[in-house]
Amino acid sequence: MLIVKNLHAGYGSSEVLIGASLEVKTGTLVALIGPNGAGKTTTMRTISGIVKPTKGQVLLDNKPIHGMDASNIARLGLAHVPEGRRVFGPLSVEDNLLLGGYRRLPRFFGFHKKAGPDLDRVYELFPRLRERRRQAAGTLSGGEQQMLAIGRALMAEPKVILMDEPSMGLAPVIAEEVFATITRLKKTGIPLLLVEQMTRKALEVSDYVYVMEHGRVVIHGTPDELRKDDCVIAAYLG
Amino acid sequence: MTTSIVPQLIVSGAMMGLIYALVAYGFQLTYATSRSINFGQGELVMVSAFFSLTLTKLGLPYWLMIPGGLLFGVVLGLFVERAAVRLALEQKSEGWVLLTIIMGLFFFSAAENIWGRDDQPFPTPITSDALHVLGISITPLEISVAVGVFTIMGLIELFKRTTLLGKAFEAVSVDRDAAELMGISTTHTVMLSYGLSGLSAAVAGILVSPITTVGPTMASVLVLKAFSVAVVAGLDSGFGVVLVGLFLGSLESLTSYYVGSGWREAPGLVLLILALAVRPTGVFGKAVIRKV
């Protein structure tokens with residue numbers, strides 16, 4: 001379970017987050033929506049420790065993680081699928097997946113064997129990755145790279161996954177596939193926080209929704225509640 | 001015998017070129033993880049060599065001295081990272097340039113005070129009685145340089161490709177933030193790269209000293225040539241430094257024979273200036289395309 005309380009953060013002297021709060025309960029998919037520049041990506045980057053918060057709290061399973069280095073937070077079981085996928089281009093698909101399991105695998109030898117069952121599970125979910133496992137990740141298509149980025153996060157057996165704009169830059173058919181994957185992940189019960197520009201899609205798959213504007217959460221509720229909210233309809237669903 | 005003078009010069013120069021390549025490889029290791037290099041790398045070579053010489057003088061046999069010398073190189077590398085590089089990197093400043101130069105000067109003065117200013121011979125059990133192969137004479141000592149350089153570079157590359165820690169090293173050099181998100185500590189990876197860089201400096205010192213002797217001034221000469229090699233090949237060129245190192249070493253030896261020994265240092269500098277003017281990413285380097 002992930003709890004974010006009154007989070008403040010920014011880059012240099014410009015404050016981007018001014019008191020963002022949200023909660024991702026066990027077994028739920030929570031969507032974070034809002035206009036460009038509202039601070040959705042910064043919220044994710046601050047939760048995962050790439051940006052250090054100036055104020056506020058982040059609790060992972062009731063343990064405070066704010067202010068820790070991103071690598072330490074990741075080792076506690078928070079997986080972040082970053083905006084723009086950020087796969088390791090020159091490394092092979094399989095090496096990317098193995099690095100996803102870095103927090104649980106031996107550093108020198110035997111890591112391949114130990115990761116075997118998890119690799120198989122990811123390959124079952126994304127058969128195309130198995131076909132291309134020896135290929136450099138940078139040569140994959142955008143959709144395949146997104147699958148790889150998600151698979152890499154799953155390799156960590158995370159307690160919670162943050163997913164930033166998984167449909168960005170993808171053809172509609174491929175984006176559809178990504179959402180199908182997200183729905184499947186949701187069924188496994190792993191808590192998910194999803195930032196998404198495609199608002200309708202986000203409302204369709206999520207259990208709870210936060211709407212951000214100007215660095216804070218302005219409205220939140222279940223997708224059904226938000227679909228009835230006039231402001232939300234005007235701004236995002238009109 | 002005059003017919004074989006050119007190949008002879010090339011082979012002798014190439015051995016020295018491999019040393020430049022190894023020092024340049026040390027630059028590459030730290031550049032990969034932190035986009036920083038140790039401008040005092042030459043001093044690391046020199047101090048490790050002096051330390052190894054001291055171990056020998058204390059009565060340690062050559063083959064037992066080697067692990068000691070190498071360990072000392074690793075410690076020096078880690079010390080440079082902690083004392084001169086980490087703070088600058090944390091503040092996203094380029095201060096490491098000046099700080100590593102200062103660290104080099106510090107090592108230089110320390111060496112002069114501890115071991116003296118004179119060049120000293122470095123004993124080795126490997127013979128320098130020449131073997132004659134195809135009209136070229138080459139000594140087992142020179143062969144040991146080639147074997148040593150390729151062994152250490154091969155081992156480090158093997159580590160990077162076959163262990164998970166090595167793959168993490170590669171991941172950090174591709175994308176630091178994404179690597180952090182996997183649980184890979186960039187701080188530890190940068191330390192690792194400086195440790196390995198120090199190790200390669202110590203190997204270079206132990207290999208080259210029996211041929212050139214050990215002295216405080218060996219550092220500045222080496223670092224300049226290695227820097228030329230690294231820039232000409234490209235700081236992300238991998239084994240490209242070996243080819244450029246071999247080329248520069250041979251060119252130097254030909255220049256000093258045909259033009260005059262005073263011109264020995266010229267080719268390195270000319271190559272460096274040419275590379276910076278014509279192809280700053282290096283002959284084997286990848287141009288960085290920044291997507292906005």
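Every chain is numbered from 1, with letters handed out A, B, ... down the list of sequences. Predicted model only: the values in this text are computed from it and were never measured.
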Can you establish whether the number of heavy atoms outside [X] located under 6.0 Å from its atom [atom1] is more than 12?
| X | atom1 | value |
| --- | --- | --- |
| A:Lys55 | NZ | no |
| B:Arg82 | CZ | no |
| B:Phe39 | CZ | yes |

Name the region of [X], side chain, backbone, both or neither, that has any atom closer than 4.5 Å to a heavy atom of chain B.
| X | result |
| --- | --- |
| A:Leu91 | side chain |
| A:Phe108 | both |
| A:Leu98 | both |
| A:Tyr102 | both |

Open item on the list: Does anything in residues 157-171 of chain B reach chain A? List residues with heavy atoms under 4.5 Å apart, or say none.
Closed with: B:Phe159, B:Thr162, B:Thr163, B:Leu164, B:Leu165, B:Lys167, B:Ala168, B:Glu170, B:Ala171
- [ ] Evaluate the side-chain proximity of A:Asp69 to B:Ser185: yes if any heavy-atom separation is below 4.5 Å, no if none is.
- [x] no
Task: B:Leu181 vs A:Ser48 side-chain heavy atoms within contact, under 4.5 Å - done: yes
- [ ] Among A:Ser71, A:Pro82, A:Ala74, single out the residue with the greatest number of heavy-atom pairs under 4.5 Å to chain B.
- [x] A:Ser71
Open item on the list: I need the minimum non-hydrogen distance between B:Gly183 and A:Arg75, along with the two atoms involved.
Closed with: O-NE, 2.9 Å
Open item on the list: Once rounded to the nearest 0.5 Å, what's the spacing between atom NE2 of A:His80 and atom CE of B:Met182?
Closed with: 9.5 Å
Task: side chain to side chain contact (heavy atoms under 4.5 Å, CB included) assessment of B:Asp177 paired with A:Arg45 - done: CA-CA 10 Å; B:Asp177 279 351; A:Arg45 289 166 63 86; 4.0 Å; yes
